[in-house]
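One structure below.
For this chain, numbers begin at 1 and follow the sequence in order.
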Amino acid sequence: AAYSYKLWLQDQPAPLVVLLPGLGGHWASRGTAGLAEPLYQAGFSVAALSSAFNWDFVKNASTMVVPGYTPQDARDVYNVLQHVVADIAKKYGAQRVSDVRLCGFSLGGLHAVFLADLDARERRLNFTRVVAINPPVNLFYCLNTLDYFYSTWTNWPAAELEQRKNAAIKFYHAVMDSGTDLTATNLALPVTGEEAQFAIGYTFRRTLSETIKAIRERATFGILETPLGYTTRFLEKEIERYSYGNYVQTFLKAAYSNEWGRVFTLTNVNLQASLPAVQTTLRSNAKLTVLHNIDDFLLSEYDWRWLRAVLGDKLLLFNCGGHLGNLYRPDYQQCLVDVLSGRRPTLSTISYAQAVSMLKPLAPVP
């Protein structure tokens, strides 16, 4: 099937940086373009792909149809990436790409590490450098956190429910439509912390719905009850009931239980789909750098300490930014340019001792 991507190509031969977006991200999104532009201005060519969890990728490139199992998703991305590099060479000449570098953020960061592991063994692309920005350590912990954020509304008083949900959703759409960076413009958030959590959960629940619809176009697995041919409204109402936890227990389980030929367990899947599965690459691959923030809400205290113990100097840690909250900052973008260029960043990071003094255990997700 045809697979699309976005390319920013330098006029002269240059390193090609491949961008892998976060959960459900598309190559045409503002976030992806916003990261591509400073890299292009710094002299890199840039190719942006859609997330393996995006409907576009599911329809056109996913071999197992159901995304969420990182080793297979990374394999699919690796195959697509080889086609992209070959396509660029065919259209513009092989000399236009001097070497290939990889940068992924959030789920794309997790995939980037798995790709580094894969490429170290197969050497089909020979990545010169690999940068993972805010990669989740424990994949299912992150998905459970997104479910928890979405469920925030269940604690709101009935009289305020619709008003607060609407306010959060309106805020989300306003930011998405205008591209407004609230932090950069020093605007006060027009929503409470709980409403902001719901907005995050709502965003990713929409992503999940689009992914399930794309899966349904390729395979049914006998899970959804809405018959084929019914109006989209009936199907969407059924899909709305699915959380990420439900998705793992139904679609992912249906896709991989037969593939593995053994009992599907969440513990086993999560161990193979999370960062500890590629711990050897994290420890030993000199091409790899991980950028992370001490206050990333998708990391538990254990996850953060594990990262520091495994990565050592390959972990560049920042004292703020939450999850991807500092990608807009010019100094952070310059830091990324430096790392992809093989230089130590000028943006100061915090030491292990400083981080320990700041660290506050994150509340467990119910």
Side-chain angles (χ1 to χ4, degrees), residues 22-24 53 68-71 73 104-114 132-152 154-155 193-194 196-201 203-205 207-208 243-249 252 265-283 288-312 314-327 349-366:
L23 180 68
F53 212 90
Y69 180 56
T70 313
D73 292 347
F105 51 94
S106 193
L107 182 66
L110 176 64
H111 289 164
V113 179
F114 273 75
I133 302 173
N134 291 95
V137 173
N138 183 323
L139 180 59
F140 286 1
Y141 176 88
C142 297
L143 297 181
N144 288 337
T145 300
L146 296 178
D147 283 342
Y148 173 63
F149 281 5
Y150 181 77
S151 70
T152 301
T154 59
N155 298 318
E194 283 188 343
Q197 281 190 344
F198 172 74
I200 294 170
T203 302
F204 287 104
R205 187 61 65 89
T207 293
L208 177 61
S243 65
Y244 281 96
N246 299 145
Y247 171 84
V248 169
Q249 290 279 25
L252 201 63
T265 67
L266 293 182
T267 300
N268 194 38
V269 173
N270 195 33
L271 282 173
Q272 297 182 47
S274 298
L275 272 188
V278 285
Q279 184 172 162
T280 300
T281 288
L282 286 166
R283 287 187 184 278
L288 176 67
T289 303
V290 174
L291 277 57
H292 235 305
N293 303 325
I294 188 64
D295 56 350
D296 189 330
F297 55 78
L298 291 182
L299 260 63
S300 68
E301 180 183 357
Y302 173 82
D303 293 338
W304 180 85
R305 294 183 187 276
W306 182 88
L307 272 176
R308 187 67 182 91
V310 170
L311 283 163
K314 291 194 290 293
L315 175 66
L316 299 183
L317 192 63
F318 303 93
N319 63 2
C320 64
H323 187 72
L324 305 180
N326 42 20
L327 289 185
T349 58
I350 57 176
S351 69
Y352 180 70
Q354 288 173 308
V356 168
S357 68
M358 296 169 53
L359 189 63
K360 295 181 180 179
L362 300 181
V365 176

Task: Donor-acceptor contact present, side-chain K314 to main-chain V290, <3.5 Å - done: no
- [ ] Taking side-chain contact (heavy atoms from CB on, under 4.5 Å) as the test, write out the residues that go with T70, two or more places apart.
- [x] L110, H111, F114, L139, A273
Task: Qualifying residues under side-chain hydrogen bond (donor to acceptor under 3.5 Å, both in side chains), relative to N270, sequence neighbours excluded - done: N138, S274
Task: All salt bridge (Lys or Arg N to Asp or Glu O under 4.0 Å) counterparts of D147, not counting sequence neighbours - done: R205
Open item on the list: If you define the side chain from C-beta out and look only at heavy atoms, does anything of L317 sit under 4.5 Å from L307?
Closed with: no
- [ ] Supply the atom-to-atom distance L271 CG to L266 CG, rounded to the nearest 0.5 angstrom.
- [x] 11.0 Å
Open item on the list: Checking the side chain of Y244 only, and the main-chain atoms of F204 only, is there a donor and an acceptor separated by less than 3.5 Å?
Closed with: yes
Open item on the list: Whether the side chain of N144 engages the backbone of Y141 through a donor-acceptor N/O pair (distance < 3.5 Å, no angle test) should be reported.
Closed with: no
Open item on the list: Between D303 and P136 (side chain of the first, backbone of the second, donor and acceptor by atom type, cut-off under 3.5 Å), is there such a pair?
Closed with: no
Task: Interatomic spacing from CG in L291 to CG in L316 - rounded to 0.5 Å - done: 5.0 Å
TODO: Indicate the atoms forming the closest heavy-atom contact of G104 with A112, along with that distance.
DONE: N-CB, 4.1 Å
- [ ] Kindly write out the residues that satisfy side-chain contact (heavy atoms from CB on, under 4.5 Å) with T280, not counting sequence neighbours, or none if the list is empty.
- [x] S284
- [ ] Find out whether L146 and L208 are in side-chain contact, i.e. whether some heavy atom of one side chain is under 4.5 Å from a heavy atom of the other.
- [x] no
Task: Which residues share a side-chain hydrogen bond (donor to acceptor under 3.5 Å, both in side chains) with T289, sequence neighbours left out - done: none
Task: Qualifying residues under side-chain hydrogen bond (donor to acceptor under 3.5 Å, both in side chains), relative to T207, sequence neighbours excluded - done: none
Open item on the list: Would you say the ring centers of F149 and F297 fall short of 6.0 Å from each other?
Closed with: yes
Task: Shortest non-hydrogen contact between G321 and N326, atoms and distance - done: CA-ND2, 3.8 Å
Task: Shortest non-hydrogen contact between D295 and G322, atoms and distance - done: OD1-N, 2.8 Å
Open item on the list: So, using ring pair (Phe, Tyr, Trp, His ring centres under 6.0 Å) as the criterion, who are the partners of F140 when residues are at least two apart?
Closed with: none
TODO: State, to 0.1 Å, how close S106 and G22 come at their nearest heavy-atom pair, and which atoms those are.
DONE: CB-CA, 3.9 Å
TODO: Only counting residues at least two apart or in another chain, list the ones meeting ring pair (Phe, Tyr, Trp, His ring centres under 6.0 Å) with F53.
DONE: Y247
TODO: Hey, could you give me the CG/CG distance between D73 and L107, rounded to the nearest 0.5 Å?
DONE: 7.5 Å
Task: Counterpart residues, side-chain hydrogen bond (donor to acceptor under 3.5 Å, both in side chains), relative to N134 (two or more places apart) - done: H292, D296
